[in-house]
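What follows is one structure encoded as structure tokens, with my remarks underneath.
Everything numeric in this text was worked out from a predicted model, so none of it was measured. Whatever order the structure lists ligands and atoms in, that order sets their numbers, starting from 1.
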Amino acid sequence: MANLKLTDVEKTYAGAVNVLNNINLDITQGELIVFVGPSGCGKSTLLRMIAGLEKITGGTLEIDGQVVNDMPPAMRGIAMVFQSYALYPHMTVRENMQFALKIAKKPQSEIDAAVDRAAKMLQLDPYLDRLPKALSGGQRQRVAIGRSIVRDPKVYLFDEPLSNLDAALRVATRIEIAQLKEQMPDSTMIYVTHDQVEAMTLATRIVVLANKGIAQVGAPLDLYERPNSEFVAQFIGSPAMNLLPGEITGTGQQTTIKMEGGGTAVSDYPTTDADMGLKVNVGVRPEDFLETDGDHIFEGKVNITEALGEVTLLYFAKQGEADPVIGKLPGIHAGLRGKPVKLGASPDKVHVFHDGVSLLYR
Ligand SMILES: Nc1ncnc2c1ncn2[C@@H]1O[C@H](COP(=O)(O)OP(=O)(O)OP(=O)(O)O)[C@@H](O)[C@H]1O
Ligand SMILES: [Mg+2]
């Protein structure tokens, strides 16, 4: 069993540096929660507080109903895997994996069984007698994960475990972590990453942290399809969602928006008569733009194209603004460079924000 409950958790570092406030989060046994957020927003701090490596300066952390704020790390049944895998260089893979259990004076038969099980799960059997220096970066990170598995913790915490790996190895190791989670359905995992794909593919729920608190919590596709704010809308998804100013001119089950730059957007976001004339930002993801001859949400000249093979990114110069509008069309469209293009979108892909907040979450 390992349910985690954070209630009004806050963190103020020595010298009155307040970095987190009002963190309320219920994590159910078996979940894989991913923390994302801009650099410096407190992801590692939150993880370290859960592990017991950092003091919780306000609020409570409960594990299975018991407040553990003052419980030492070793008693919490939590294992943490860091970005840099600190393996003992003079010990073999097997010795590295056994180490914590030897310190805990477990019987050798139990140690062997635990190491065998972890080595099988992580496909490390062929490397058990090697020293870390004879392993690839991905294999070393797997040993670091193996060291935590042998202790059979209730909760696993991962702080950007794959960020030191090259692109191909990241993908391979990400899939291994997904498979590992499947083999341990009852273990609770919290995973910090900067990588959008890791967050989207691994998470049962994503927690977006920003401005010292939680911006939104939800299943990956919930956050992608129904972001509660412009911040979350632009943080989840790459390239980021385009935001274009306009004014509401029609309300009801569907909302009509007259675009500042010309054209009209229709959104499935519902509005009421009181919303008439409201200044809003229309949000469209680059991948949701469609070329149109009819009513358009955006019209512009293609400044740059980037052909990525499966898609082409179109960058539109926007008069007097630094952020270009970006479109992502399937296939190869190098010929569009320098041409004027009209873009629309299906109403279910058109998001509407007022004062930074989604009209769905007012
Ligand atoms: N020991 C400390 N004393 C004072 N401030 C600290 C301390 N450790 C971290 N901070 C500050 O707390 C904030 C959050 O840091 P944290 O490392 O948790 O961010 P993060 O979200 O993990 O960032 P990154 O994505 O870059 O790893 C930062 O502003 C950081 O400077
Ligand atoms: Mg960090």
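One option in Lys43, Lys212, Glu54 has a heavy atom closer to atom 21 (O) of ligand 1 than any other, and that option is Lys43. Distances from atom 13 (C) of ligand 1 to the heavy atoms of Ala16, Gly40, Pro38 show the closest one on Gly40.
Scanning the protein heavy atoms around atom 12 (O) of ligand 1, the nearest turns out to be Val19 CG1, 3.1 Å. Of all protein heavy atoms, the one closest to atom 26 (O) of ligand 1 is Ser39 OG, 2.5 Å. Annotation: atom 5 (N) of ligand 1 to nearest protein heavy atom, Tyr13 CD1, 3.3 Å. Of all protein heavy atoms, the one lying nearest to atom 17 (O) of ligand 1 is Ser44 CB, 3.8 Å.
When side chains are defined from C-beta on, Gln216 does not count as touching Arg226, because their heavy atoms never get closer than 4.5 Å. Under the 4.5 Å side-chain criterion, counting only non-hydrogen atoms from C-beta, Leu209 is in contact with Ile214. When side chains are defined from C-beta on, Asp26 does not count as touching Asn3, because their heavy atoms never get closer than 4.5 Å.
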Please table the atom pairs, donor to acceptor, closer than 3.5 Å between any side-chain atom in residues 259-270 and protein atoms at least two apart or in another chain.
residue, atom, partner, partner atom, Å
Ser267, OG, Tyr269, N, 3.0
Ser267, OG, Val350, O, 2.6
Asp268, OD1, Gln254, NE2, 2.7
Asp268, OD2, Asp348, N, 3.4
Tyr269, OH, His351, ND1, 2.8

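Annotation: side chain to side chain contact (heavy atoms under 4.5 Å, CB included) contacts of Glu31 (sequence neighbours excluded): Ile27, Thr28, Ile33, Thr204, Arg205. In this structure, Ser148 has no side chain to side chain donor-acceptor pair (under 3.5 Å) partners at least two apart in sequence or on a different chain.
Between Arg48 and Glu54, at least one side-chain N (NZ, or NE/NH1/NH2) sits under 4.0 Å from a carboxylate O, which counts as a salt bridge. One finds a salt bridge joining Asp129 and Arg94 here, because a Lys/Arg side-chain nitrogen approaches an Asp/Glu carboxylate oxygen to under 4.0 Å. Taking a cutoff of 4.0 Å between a charged side-chain nitrogen and a carboxylate oxygen, Glu198 and Arg170 qualify as a salt bridge.
For Gly37, no nitrogen or oxygen atom sits less than 3.5 Å from a nitrogen or oxygen atom of ligand 1, counting backbone and side chain alike. When only interatomic distances are considered, the shortest N/O to N/O separation between Ala14 and ligand 1 does not fall below 3.5 Å. Considering backbone and side-chain atoms alike, Gly42 places an N or O below 3.5 Å from some N or O of ligand 1.
Within 6.0 Å of atom NZ in Lys328, more than 12 heavy atoms from other residues, nucleotides or ligands are found, so the atom counts as buried in its surroundings.
In this structure, atom 30 (C) of ligand 1 is not in close contact with the protein, since no protein heavy atom lies within 4.0 Å of it. Distances from atom 10 (N) of ligand 1 to the protein include at least one heavy-atom value under 4.0 Å.
Counting heavy atoms under 4.0 Å from ligand 1, residue Arg48 does not touch it at all.
Of the inter-residue distances, the one linking Ile206 atom CD1 with Ile236 atom CD1 reads 4.5 Å to the nearest 0.5 angstrom.
For the pair Asn303 (side chain) and Tyr315 (backbone), a donor-acceptor distance under 3.5 Å is absent.
Each protein N, O or S atom less than 2.8 Å from the Mg ion (ligand 2) was counted, giving 1.
Residue contacts with ligand 1 include His194, since one or more of its heavy atoms lies under 4.0 Å from the ligand.
Between Phe298 and Phe316, the angle of the ring planes goes over 60°, which puts this pair in the perpendicular group of the 30/60° scheme.
Taking every heavy atom of Glu160 and a limit of under 4.0 angstrom, the matching atoms of ligand 1 come to 25 (O), 27 (O). Heavy-atom contacts of Thr45 reach the following atoms of ligand 1: 14 (C), 15 (O), 16 (P), 18 (O) (cutoff under 4.0 Å).
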